[in-house]
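Comments concern the structure below.
A, B, ... follow the sequence lines: proteins, then strands. Residue 1 opens every chain.
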Protein chains: 2
Amino acid sequence: MRDDGYNVMTSSSGEEGLLLIKENDIDLILLDINLPGIDGLEVCNRIKITKHIPVIFLSCRDQDSDVISGLETGAEDYIRKPFNHRELSLRVKKLLNRYQVQSDLGAIETGFLSIRTDREEVYFNSNKVMLTPVEYKLLEVLGEKLNWVLSWEVLLKEAWGYEEWDGGREMVKVNIRRLRKKIEPNPSQPVYILTERGRGYKLAII
Amino acid sequence: MRDDGYNVMTSSSGEEGLLLIKENDIDLILLDINLPGIDGLEVCNRIKITKHIPVIFLSCRDQDSDVISGLETGAEDYIRKPFNHRELSLRVKKLLNRYQVQSDLGAIETGFLSIRTDREEVYFNSNKVMLTPVEYKLLEVLGEKLNWVLSWEVLLKEAWGYEEWDGGREMVKVNIRRLRKKIEPNPSQPVYILTERGRGYKLAII
DNA sequence: CCGCATTGTTACCATATTGTTACCATATTG
DNA sequence: CAATATGGTAACAATATGGTAACAATGCGG
């Protein structure tokens with residue numbers, strides 16, 4: 001999970017886990033059923049009483065009855081061990097999306113373009129691209145809503161923080177241009193930062 | 001599934017399934033990957049372009065890679081055969097609950113025409129139709145009152161925001177025309193945007 | 001304080017979109 | 001049956017939008 005860019009906390013018993021959940025702002029829980037002390041099902045039950053954090057059970061007990069009771073306690077998903085790393089990763093991503101958690105992973109990937117939000121760095125085809133702060137911010141905003149069309153008003157607000165500014169429209173325009181010059185193979189025929197006339201720009205998924 | 005009280009329709013090929021989906025109001029799809037003709041993944045892809053019906057893959061191919069590609073095409077869940085009846089039942093229930101909440105906020109469907117209000121996109125027969133902002137707005141207004149006849153005054157008010165405007169009547173007329181040119185198979189014999197002489201226009205349900 | 005990178009401003013152009021006008025066919029009205 | 005109103009259609013004009021470059025202002029490190 002850490003490799004995927006998630007910020008991970010672990011605990012080795014139900015009680016410890018519950019404490020962790022109480023004291024932190026948790027987006028998703030991977031829960032084993034076999035636990036010392038309170039078992040996973042019970043932990044899930046207790047969590048679901050107060051919070052609505054998505055829970056994925058992760059267990060080697062692959063008896064059907066376990067899956068069933070796991071889902072019945074309100075878990076969002078259940079994955080049997082041994083599991084494939086990518087499958088887990090995908091199911092987690094899906095759940096986070098559904099729960100509208102702005103999955104603040106450390107990176108946004110789209111084709112050859114990779115935005116490392118943790119380090120504020122952008123790579124094109126594994127080569128680091130030097131962006132100025134404004135350029136970077138603009139790209140990040142686009143990246144956070146991958147494939148969504150964002151109007152210049154939104155971009156101005158998100159990237160600059162200004163609500164209104166007469167030069168704002170031009171500012172966005174010019175900086176989109178600057179970004180394209182640095183990112184796009186051919187700035188005049190953009191592949192990444194696409195424009196939807198009359199609506200805005202979007203960072204395409206490729 | 002029938003025992004659980006669901007209303008079930010089945011089909012034994014991808015094409016047949018897609019047709020079924022097109023012509024009916026489906027809440028959830030259980031999809032096998034191994035299908036004669038188009039395979040399940042492809043079926044899922046096509047569904048996801050226009051509709052947002054939850055899809056659960058159900059397959060005996062329990063290779064991890066299958067699960068992964070299944071989830072990647074946008075399926076909501078994946079269950080490996082042989083599966084336990086209760087597990088399936090629970091996962092279905094869970095998905096339906098989740099989708100009930102936010103379903104159909106984002107789309108207006110009428111036959112082959114689908115208006116994605118969340119993204120301001122229109123699809124005709126799974127192909128994206130490029131509309132200008134005004135055209136889109138006009139269509140959306142019509143779509144919000146599916147099958148209602150809306151006068152040009154109403155359309156003007158709703159789509160443009162103007163109360164009175166001497167050119168308004170012409171404006172509506174011309175833009176209806178423009179819309180038809182883009183949406184209707186035969187713009188001169190409209191099937192979707194129908195006119196009720198003296199009253200206005202309506203977006204037909206088909 | 002200087003020089004340079006960054007940011008903001010302005011201007012111009014091409015073109016897509018929107019608005020206007022005119023004309024025709026046909027339904028409705030008197 | 002003529003007069004009128006309505007809607008379809010196309011062509012044209014006005015406007016808005018986005019691409020582009022060049023230039024001015026600002027801010028920062030040395």
Side-chain angles (χ1 to χ4, degrees), chain A residues 120 122 129-142 149-157 159-162 164-204, chain B residues 120 122 129-142 149-162 164-203:
Chain A
E120 297 215 353
V122 174
V129 183
M130 299 306 280
L131 297 183
T132 70
V134 173
E135 285 159 8
Y136 173 79
K137 186 67 191 160
L138 185 57
L139 183 60
E140 194 189 86
V141 170
L142 285 166
V149 179
L150 305 179
S151 67
W152 66 266
E153 288 98 329
V154 171
L155 292 172
L156 193 65
K157 170 115 183 265
W160 277 267
Y162 294 113
E164 48 190 292
W165 178 18
D166 45 349
R169 188 198 212 98
E170 306 306 302
M171 202 69 262
V172 173
K173 199 210 290 184
V174 170
N175 276 286
I176 286 286
R177 168 73 178 164
R178 285 170 181 160
L179 253 181
R180 279 178 175 159
K181 275 208 219 170
K182 293 192 182 175
I183 286 175
E184 297 280 353
N186 176 2
S188 297
Q189 267 149 52
V191 201
Y192 294 100
I193 305 176
L194 305 182
T195 124
E196 300 253 314
R197 193 165 234 270
R199 300 202 171 81
Y201 300 91
K202 72 173 175 182
L203 188 60
Chain B
E120 293 209 0
V122 174
V129 182
M130 299 305 277
L131 297 183
T132 69
V134 173
E135 286 160 6
Y136 172 79
K137 187 70 192 156
L138 185 56
L139 183 60
E140 194 190 86
V141 171
L142 285 165
V149 180
L150 304 179
S151 68
W152 66 266
E153 289 98 329
V154 172
L155 291 172
L156 193 65
K157 169 116 184 263
E158 295 299 316
W160 277 267
Y162 294 113
E164 48 190 290
W165 179 19
D166 45 348
R169 188 198 212 97
E170 305 306 303
M171 202 68 264
V172 173
K173 199 210 291 185
V174 170
N175 276 287
I176 286 286
R177 167 72 177 164
R178 284 171 180 159
L179 253 181
R180 280 179 175 158
K181 275 208 218 169
K182 292 193 182 176
I183 284 176
E184 298 280 353
N186 176 2
S188 297
Q189 268 148 51
V191 202
Y192 294 100
I193 304 175
L194 306 182
T195 123
E196 299 255 314
R197 191 166 235 271
R199 281 176 256 287
Y201 301 91
K202 72 172 176 182
L203 187 60

With a 4.0 Å cutoff (strictly under), does any side-chain N or O of B/Thr132 reach OP1 or OP2 of C/dA16?
no
Where do A/Trp160 and A/Val172 land on the side chain to side chain contact (heavy atoms under 4.5 Å, CB included) test, with the steps shown first?
CA-CA 10 Å; A/Trp160 277 267; A/Val172 173; 4.0 Å; yes
With respect to the phosphate group of C/dG8, does any side-chain polar atom (N or O) of A/Trp160 fall under 4.0 Å of OP1 or OP2?
yes
Would you indicate whether the side-chain heavy atoms of A/Leu155 and A/Leu142 approach each other to under 4.5 Å?
yes
Between B/Leu138 (CG) and C/dT18 (P), how many Å, whole number?
11 Å
Identify the heavy atoms of B/Pro133 and A/Gly198 that sit nearest to each other, and give their distance.
CG-O, 3.9 Å
Could you check how far CG of A/Leu155 sits from P of C/dG8, rounded to whole Å?
14 Å
Nucleotide C/dG19, atom C1' - distance to CG of B/Asp166 in whole Å:
11 Å
Output the distance between atom CG (A/Leu203) and atom CG (A/Leu179), rounded to the nearest 0.5 Å.
9.5 Å
Mind calculating the distance between CG (A/Leu131) and C1' (C/dT6) to the nearest angstrom?
13 Å
Within this structure, what is the CG-CD1 distance for the pair B/Leu139 and B/Ile193, rounded to the nearest 0.5 Å?
5.5 Å
Where are the stems of DNA chain D, defined as at least 3 consecutive Watson-Crick or wobble G-U pairs with both distances under 3.5 Å?
C:1-30 with D:1-30
Whole-Å distance separating the CG atom of A/Leu156 from the C1' atom of C/dT9:
15 Å
Can you confirm whether B/Asn175 sits close enough to B/Thr132 that some side-chain heavy atom of one is under 4.5 Å from a side-chain heavy atom of the other?
no
Tell me which pairs pass side chain to side chain donor-acceptor pair (under 3.5 Å) where either residue lies in residues 192-203 of chain A, with sequence neighbours left out.
A/Arg199-B/Glu120
When every non-hydrogen atom of A/Leu150 is compared with those of A/Val141, the smallest separation belongs to CD1-O, 3.8 Å
Can you tell which of A/Arg180, A/Lys181, A/Arg178, A/Lys182 makes a salt bridge (Lys or Arg N to Asp or Glu O under 4.0 Å) with A/Glu135?
A/Lys182
In whole angstrom, what separates A/Lys137's NZ from C/dT6's P?
18 Å
Protein within reach of the bases, or only the backbone? For nucleotides 15-30 of chain D, mark each nucleotide 5' to 3' as B, S or -, using heavy atoms under 4.0 Å.
--BBBBB---------
Please report the distance, rounded to the nearest Å, between CG in B/Leu179 and P in C/dG19.
13 Å
